[in-house]
J.: 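Let me begin by handing over the structure; questions about it come next.
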Amino acid sequence: MSDTRPETATDDRDPSETAVEADGPDAESGSADWPGGADADADPATDTDTVAAADGEAGPSVTGDGSGVTLAATTGAEATATGVENRWVAGVVFALAAVALGVFLSNTGLFLASIVGLVYAAYASLSRPPSPSLVAKRHVEPADPSPGDRVAVTVRVENAGDVPLADVRVADDPPADLDVVEGDARGAGTIEPGEHLAVEYELGATRGRHEFGDVTAVARSAAGEAVRRTGFEAGQSLVCHATVDSLPLAAQTGIGAGRVETDSGGEGVEFYATREYAPGDSASRVDWNRYASTGELTTVTYRESKAATVVFVVDGRIDRRAAPGDPDARDLCGYAAVRLADDLLDQGTQVGASVISAAGADFFGTDGTLAPATGTEQSLRLRALLRTKLGVTVDDLDTTVGRSFAAATGDADAAGRSGRSAGSRGLPGGRRRLTDEVPAGAQVVFVSPLLDDDAVRAVERLVAHEHATTVVSPDLTGGESAGAAVERLRRAARVRSVTGARRARVVDWSPDEPLQVAVDRAGARWER
Amino acid sequence: MRPDDPPRAGVVSARGALAVAAFVALLVLALSGAGAVGVLGVGATVVLGWGVGALDPSRTRRLAAGSVSVAVGSAALAAATSGLAATAGRAGHAVVFAGTAAVAVAALAGRSPETTDRLTRAVSESGFVALVALALAVAWFLLVGTGFVPGLVAWSFEGATAAPVTAAVWLQVIGIGAGLAADRAARAIDSLVPGRSGPESGLAASFRLTLGDLPRWYAATLVVALLLGSAAVVREAVASALAARPLVGRAVDAVLLTGVAHAALGVVIALSLCVAAAPTVHRVVVFWTGPSPGNTVAYGAGGLVAVAVALGGGALASLARAFDLSVAAGVPSAVAVAVPALVVALCALLVVLAFVHGLHRVTELFVRRADGFAVGAALLLVGTALLADALPTLAVVTAAAGALAVWDLGVHAVGFERDLRGVRPPTRTELVHATATGTVLVVAVGVALLVGYFAVPIRVPDDRATVALALVMVSVVAFAVALRE
């Protein structure tokens, strides 16, 4: 696979939204009531540090640089929970039972055994919860995992105080949808002052955004009777997905230099051809070797690279999935569009988008359009368009990037409205004609599962309007039933139809494989 | 973590609790006159607890070892308990055993529905094996032990070889029976190993016979010959004819009247019928073992060992009787050894199963937090109390402190398991708590002994002492509650 670079980030809780919270006293059991997951809005970070110090002053403070954020939360008595296990009651009950048995059986030894119970009760009763000064830190490595990678998580809880802690039990709250493949998210130990307890485990990364919960530490007295529980807010997000790069574009270009190599000579870096010298040609481009051998003056020309405008047309008409629990057609189409658009935007290509919402006898209606543009903001607008029009969330970006996600959502709608030309004709329900929404001279990447003949007609219409069209088609016909087999055959026929007479290029993508693999396979086929 | 270690937290505390419980039990039992039987019983409780914990269906070998341990531990515990009950007659011994067993099961197996389910399966499979063996032993006793079948065979043999004509006829009948049995055996082999029943055109194949192959005239001739041969006139005629020809007469005596040929064919019939019964046995075994034969046999390994021990004991008894040692040593018959042994093993398994289920139920209802340790500690205290009149004061106080330590360590172990769910804490962390508790309890024992040293000589009437104690205890409880508040 060519240069597939994962694009991931680990985020921790937005400090501005963080508040140190304390669980209520758990006086009945004193057990570590480990917390569940926590939702977290995030800033990129790999580590999360949380400090709990018993100096009585509460309130979060933030330190850190751009790459990592350290959350220092000062907790007082109200931020931790203390409790007892009431083991002393067992001593008292034991003493009463011993006395009763001693009296009943007239036995001195049993009678005296009650003193043992009383001493034990006194020991347990006098036990006080420790006052730990703990610093918790979670480290996630790698910070940018690809799907299938193992993510090593280390939670360090350091005893920052000057009193040894006899029994500290620590539990991390890993993302619920990731499996712990090695180790365990819990641990315990005795921590001397200045030393730490490390809990190490590994997660199997899967595609998507995953939320870590809080870290909980429970310190017990040596008697085990008194308990102090400290909850460290350590919400953190782990985002994992594979990127796509180098989608080969068609030759259709606009004006200006760009990344699409054309079939014409001019300015560039790759040798294209030689032509007869014309007055005004630069002397540095004259082929002097040829002039020396033949006496002819020729000029070397290079292959021109020009800019292209690419419009992603996302087929949102069909909501079907290959199997229960799998992503549906809209999810896959939206995912593919975002991944490919991000690649093109990174290379400076102008990218637009349009969502097909209906197909009629002689028209295709769009339900939202994004005018071609460049830059990161356009990537956000595309996500917003897909989220609002198709309900597809490609959850791979931090919401705080530029604080413009919400604005981009509005921009997407606005762009859809402003992108309409004055002379275009509208359709019932506020929809627009597909061919009116695609600028002249723009290439089209048509993302569709090709589950009906209307999709083929759409390709035909786009090609007829002289848009170089690339079809990216997630395959949803992987079932084992007879109906699925028929559907598979019909889709294969549509793929052949699109690549044949309609002169479009097809990336046939099985969702079981990375999108980049399908792109590379298609690219190799196109080169032949 | 090693694969043979079940993922449990608080192992050190749990095993510490078991060690303390075993120490308390041995102390109490030794000082109350239980002797070596007490050691056997305590050891049996540990074996039983380990066996219950080892019933892991994912590892067949360990599962089989666990089943055997359960059977052996149960039988040994039953033997120790019944032995002590017969000699000492103290209920306290059984209670101490029960307390130790409860702690052993809690420490080595834990309390979970899976534990009781697996034990139920092990007991049912082992019990089934023991029950089948018991039925076979009883049948053997009825058919062979009473002499019925041997007598029948001897009577038939004598009848069949009484006269030359009848001997010749019976020889033919037995030969036909051997042919029919050989045919059944060949079919059985073919059903078990298709195509491997041997060549059809061999010597063995020539002996195969079906009822359809037997001509009716031949059968009628045999019947007529048998009837005629039984007649006195014919017998005398044949005898006189043989007497007139000494050589032929000796040959007839050697072949027919000695019964050598009859016995040989009888052996062939017996072996052939054993082979013919193999498919039925195979079907029975397949039905018993079900879809997971390895696991089923492993679950029943305890029963198989019990059967082996019982039958081995019976065989030894038979040998002893065969060499006339029974008179000197009072050796019972083989059946008298095997049947009671199997019954005891069966009953012991059922009692242990009921005990573990009861322990699970009581723990769930009353002392969920302390698992089986609380029940074990309570039983140890009660057992100590029941044997207290035979124990010195120091032993009683020490045993009581030990019971409290069992409870404390058990609660701590269960707390680890609840909080860490299988992650083992460092041994040091567990030892800190155990050391602290042990120190406190040692001090408590010292204080109790000091108080006893100074206060016991004081004598007060019983009724006043009782009232005073009740008031003291109420005061202590009130003081403790006030202290907590």
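So you know, we letter chains A, B, ... as the sequences are listed, proteins then strands, and number each from 1. Everything numeric in this text was worked out from a predicted model, so none of it was measured. These numbers come from the heavy atoms of this one structure, side chains and all, not from hydrogens, waters or symmetry mates.
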J.: Please name the pair of heavy atoms, one in A444(B) and one in V116(A), separated by the smallest distance, quoted to 0.1 Å.
T.: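 Nearest pair, atom of A444(B) first, then V116(A): CB-CA, 3.8 Å.
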
J.: Can you find a side-chain donor-acceptor pair between T429(B) and T190(A) that sits under 3.5 Å?
T.: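 There is such a pair (donor and acceptor under 3.5 Å, judged by atom type) between the side chains of T429(B) and T190(A).
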
J.: Which region of L96(A), side chain (C-beta onward) or backbone (N, CA, C, O), has a non-hydrogen atom less than 4.5 Å from a non-hydrogen atom of chain B, or is it both or neither?
T.: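 L96(A) touches chain B through backbone and side-chain heavy atoms alike.
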
J.: Counting only heavy atoms not in R150(A), do more than 12 fall under 6.0 Å of its CZ?
T.: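 Count over threshold, so yes.
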
J.: Would you name the heavy atoms of L381(B) and A97(A) that are closest together and state the gap between them?
T.: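 Taking L381(B) first and A97(A) second, the nearest heavy atoms are CD2-CB, 4.5 Å.
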
J.: After noting the C-alpha distance and the side-chain angles of L112(A) and T393(B), does the key distance pass the side chain to side chain contact (heavy atoms under 4.5 Å, CB included) rule?
T.: CA-CA 8 Å; L112(A) 292 175; T393(B) 302; 3.8 Å; yes

J.: Counting heavy-atom pairs closer than 4.5 Å to chain B, which one of A113(A), G183(A), A185(A), G189(A) comes out on top?
T.: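 Ranked by heavy-atom pairs under 4.5 Å with chain B, first place is G189(A).
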
J.: Go through Y123(A) and V443(B) one step at a time and tell me if the side chain to side chain contact (heavy atoms under 4.5 Å, CB included) criterion holds.
T.: CA-CA 11 Å; Y123(A) 162 66; V443(B) 170; over 6 Å; no

J.: CZ of R186(A) to CZ of F416(B): how many Å apart, nearest 0.5 Å?
T.: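 That separation rounds to 13.5 Å.
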
J.: Are D167(A) and V432(B) packed together at the side-chain level, in the sense that at least one heavy-atom pair is separated by less than 4.5 angstrom?
T.: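 The answer is no, as the side chains (C-beta and beyond) never meet within the 4.5 Å cut-off.
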
J.: Is the closest basic N to carboxylate O distance between R169(A) and E430(B) below 4.0 Å?
T.: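 No, no charged N to carboxylate O under 4.0 Å.
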
J.: Run the salt-bridge test on R424(B) and D184(A) with the 4.0 Å N-O cut-off and return the result as yes or no.
T.: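 No, R424(B) and D184(A) are not salt-bridged.
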
J.: Taking all atoms of both residues into account, what is the closest heavy-atom pair of P426(B) and A188(A), and its distance?
T.: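 Minimum heavy-atom separation between P426(B) and A188(A): CD-O, 2.9 Å.
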
J.: Considering only heavy atoms, which portion of A166(A) lies under 4.5 Å from any heavy atom of chain B: side chain, backbone, both, or neither?
T.: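 Contact with chain B involves both backbone and side-chain atoms of A166(A).
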
J.: Between F111(A) and V396(B), does a side chain to side chain contact (heavy atoms under 4.5 Å, CB included) hold up when you go through it step by step?
T.: CA-CA 9 Å; F111(A) 197 76; V396(B) 173; over 6 Å; no

J.: Any idea which heavy atoms bring V397(B) and G109(A) closest together, and the distance?
T.: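 Residues V397(B) and G109(A), closest heavy atoms: CG2-O, 3.6 Å.
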
J.: Quick check for you: among L394(B), D408(B), L391(B), which has the greatest number of heavy-atom pairs under 4.5 Å with chain A?
T.: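 Among the listed options, the one with the most contacts to chain A is D408(B).
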
J.: Walk me through whether L105(A) and D389(B) qualify under side chain to side chain contact (heavy atoms under 4.5 Å, CB included).
T.: CA-CA 8 Å; L105(A) 298 173; D389(B) 57 340; over 6 Å; no

J.: Could you verify whether a donor N or O on one side chain and an acceptor N or O on the other, from H412(B) and R87(A), lie under 3.5 Å apart?
T.: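 Yes, R87(A) and H412(B) have a side-chain donor paired with an acceptor closer than 3.5 Å.
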
J.: Rounded to the nearest 0.5 Å, what separates atom CG in L449(B) from atom CD1 in I115(A)?
T.: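 So the CG of L449(B) and the CD1 of I115(A) are separated by 9.0 Å.
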
J.: Minimum heavy-atom separation for F94(A) and A400(B), please, with both atom names.
T.: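 Distance-wise, the nearest heavy atoms are CZ-O, 3.1 Å.
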
J.: My understanding is that only one of V445(B), V440(B), L441(B) makes a side chain to side chain contact (heavy atoms under 4.5 Å, CB included) with V119(A); could you say which?
T.: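 Result for side chain to side chain contact (heavy atoms under 4.5 Å, CB included) with V119(A): V440(B).
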
J.: What is the minimum heavy-atom distance between A385(B) and L101(A), and which atoms define it?
T.: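 It is CB-CD1, 3.8 Å.
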
